[in-house]
Amino acid sequence: MRGLGTIINIVTILIGATIGIFLKGGLPKRFEKTVKSAAGLSTIIIGITGTLSEMFTVNSDGTLSANGIMLIVISLVLGAIAGEAIDIEEKLELVGIFCKNKTSFLAKDNPKFVEGFVSTSLLFCVGAMAIVGSIQDGLIGDYTILAAKAILDGVMSIVLAASLGGGVFLSVLTVAIYQGAITLLASILEPFMTEILICNLSLVGSILVMAIGFNLLFDKKVVKVGNLLPAVLIPVFYHVILKIITIF
């Protein structure tokens, strides 16, 4: 069944967020800051691990080679320009405020509701696993990657819901729309999904994950991650252009 991977992903986020909300209700107020710091550190580690695994390769003589540094710089700079022009961060927050007004039972007495929605929506969608997993699910019904992602997202939703509250629940809407759309468009996207492109997507996505972790750790918007989202598309445009050039 195509799309099953996204359904599994949504279910694990809902389960994890529910557990997190119960933990939040049973924790003294003084625990919240420490729990949020733990969420931030965990997210940073995930981002660093993904970045280093794609950036460095081990040579035959045991030395390390760094790859994709210029692509990172170009992607982040162009992505920041495009994101600031559109002001994606503000629009995500407006969506969060709209959802908060429509779901008062989740947002009651929770000043971090919008932050929870925006942070988890970005975290669950910027990685390469969401893109590649959704394409495999859409093409051949293989949801293995999305199932692995679902486990990671479920664990993170526990920690994030315990610190940020009910906004984490609504991130399933973002995941459903984002991964669902990629699954439906999989046949169009598949020819362009080379191994190099997947690595570059993972590289840029992991850096954004790391930025989300810094925001959580320092409990303020150190980086406008929403306005950096277009950076993930730059490697796609780059490889599509290269493919078109080689055809002609």
Q: Could you tell me if the side chain of Val209 sits less than 4.5 Å from the side chain of Leu123, heavy atoms only?
A: yes
Q: Under the rule for side-chain contact (heavy atoms from CB on, under 4.5 Å), what residues qualify as partners of Ile86, not counting sequence neighbours?
A: Ile88, Lys91
Q: Under 4.5 Å between side-chain heavy atoms, counting indirect links through other Ile/Leu/Val/Met/Phe/Trp/Tyr residues: same cluster for Val95 and Leu160 or not?
A: yes
Q: Is it true that Met55 and Ile74 fall in one hydrophobic cluster, defined by side-chain heavy atoms closer than 4.5 Å?
A: no
Q: To check you understand the geometry: which heavy-atom pair defines the closest contact between Gly50 and Ser53, and what is its length?
A: O-OG, 2.9 Å
Q: Scan for salt bridge (charged side-chain N to carboxylate O under 4.0 Å, His left out) pairs involving residues 73-90, sequence neighbours excluded, and state none if there are none.
A: Glu89-Lys221
Q: If you look only at pairs with a residue in residues 144-169, which of them pass as a salt bridge (charged side-chain N to carboxylate O under 4.0 Å, His left out), with sequence neighbours excluded?
A: Lys149-Asp153
Q: Give, for atom CD1 of Ile46 and atom CG of Leu152, the distance between the pair rounded to the nearest 0.5 Å.
A: 6.5 Å
Q: Does the side chain of Met129 reach to within under 4.5 Å of the side chain of Leu146, using non-hydrogen atoms?
A: no
Q: Taking C-beta and beyond as the side chain, do Gln179 and Phe124 meet within less than 4.5 Å on heavy atoms?
A: no
Q: Which heavy atom in Leu228 sits nearest to a heavy atom in Ala80, and how many Å separate them?
A: CD2-CB, 3.6 Å
Q: If you compare all heavy atoms of Ser134 against all heavy atoms of Ala186, which two are closest, and at what distance to 0.1 Å?
A: O-CB, 4.5 Å
Q: Quick one: list whatever passes side-chain contact (heavy atoms from CB on, under 4.5 Å) with Phe214, sequence neighbours left out.
A: Ile44, Met210, Phe218
Q: Are Ile97 and Val168 connected in the hydrophobic side-chain network, where two residues link if heavy atoms are under 4.5 Å apart?
A: yes
Q: Could you give all pairs that pass the salt bridge (charged side-chain N to carboxylate O under 4.0 Å, His left out) test and reach residues 170-187, with sequence neighbours left out?
A: none
Q: Run the salt bridge (charged side-chain N to carboxylate O under 4.0 Å, His left out) test against Lys224 and tell me which residues pass, sequence neighbours left out.
A: none
Q: Establish whether Ile234 and Ile182 are linked, either directly or via other cluster members, by ILVMFWY side-chain heavy-atom contacts under 4.5 Å.
A: no
Q: Do Phe117 and Leu164 have side-chain heavy atoms sitting under 4.5 Å apart?
A: no
Q: Does atom OH (Tyr178) have a neighbourhood of more than 12 heavy atoms from anything else shown, all under 6.0 Å?
A: yes
Q: Run the side chain to side chain contact (heavy atoms under 4.5 Å, CB included) test on Phe113 and Leu170 for me, step by step, so that the C-alpha distance in whole Å, both residues' side-chain angles and the decisive distance to 0.1 Å come before the verdict.
A: CA-CA 10 Å; Phe113 180 89; Leu170 295 184; 3.4 Å; yes
Q: Do you know which two heavy atoms are closest between Gly16 and Ser157, and how far apart they sit?
A: CA-OG, 3.2 Å
Q: Going by heavy atoms in the side chains, are Thr183 and Thr6 under 4.5 Å from each other?
A: yes
Q: Does some side-chain heavy atom of Leu78 sit less than 4.5 Å from a side-chain heavy atom of Pro230?
A: no
Q: Per the side chain to side chain donor-acceptor pair (under 3.5 Å) rule, what does the pair list look like for residues 114-129, sequence neighbours excluded?
A: Lys36-Glu115, Ser121-Thr174
Q: Checking Leu41 against Leu216 for the side chain to side chain contact (heavy atoms under 4.5 Å, CB included) test, could you report, in this order, the C-alpha distance in whole Å, the side-chain angles of both residues, the deciding distance, and whether it holds?
A: CA-CA 8 Å; Leu41 286 171; Leu216 292 170; over 6 Å; no
Q: Side-chain donor-acceptor contacts of residues 197-204 below 3.5 Å, not counting sequence neighbours, with atom names and distances?
A:
| unit_1 | atom_1 | unit_2 | atom_2 | d |
| --- | --- | --- | --- | --- |
| Asn200 | ND2 | Ile196 | O | 3.4 |
| Asn200 | ND2 | His239 | NE2 | 2.9 |

Q: Working to the nearest 0.5 Å, report the span between CD1 of Ile135 and CD1 of Ile145.
A: 9.5 Å
Q: Identify the heavy atoms of Leu208 and Val225 that sit nearest to each other, and give their distance.
A: O-CG1, 4.0 Å
Q: Can you list everything that forms a side chain to side chain donor-acceptor pair (under 3.5 Å) with Ser171? Sequence neighbours excluded, please.
A: none
Q: Nearest heavy-atom pair of Phe169 and Ile21: which atoms, and what distance?
A: CE1-CG1, 3.5 Å
Q: Contact between Ser206 and Glu54 at the side-chain level, heavy atoms closer than 4.5 Å - yes or no?
A: no
Q: In Å and rounded to the nearest 0.5 Å, what is the CD1 to OG1 distance from Ile13 to Thr18?
A: 11.5 Å
Q: Tell me, which pairs form a side chain to side chain donor-acceptor pair (under 3.5 Å) where one or both residues lie in residues 72-82, sequence neighbours left out?
A: none
Q: Which residues satisfy the side chain to side chain donor-acceptor pair (under 3.5 Å) test with Thr144, sequence neighbours excluded?
A: Asp142
Q: Salt bridge (charged side-chain N to carboxylate O under 4.0 Å, His left out) with Asp137: which residues, sequence neighbours excluded?
A: none
Q: Is there a continuous path of hydrophobic side-chain contacts, each under 4.5 Å between heavy atoms, that joins Ile19 to Val11?
A: yes
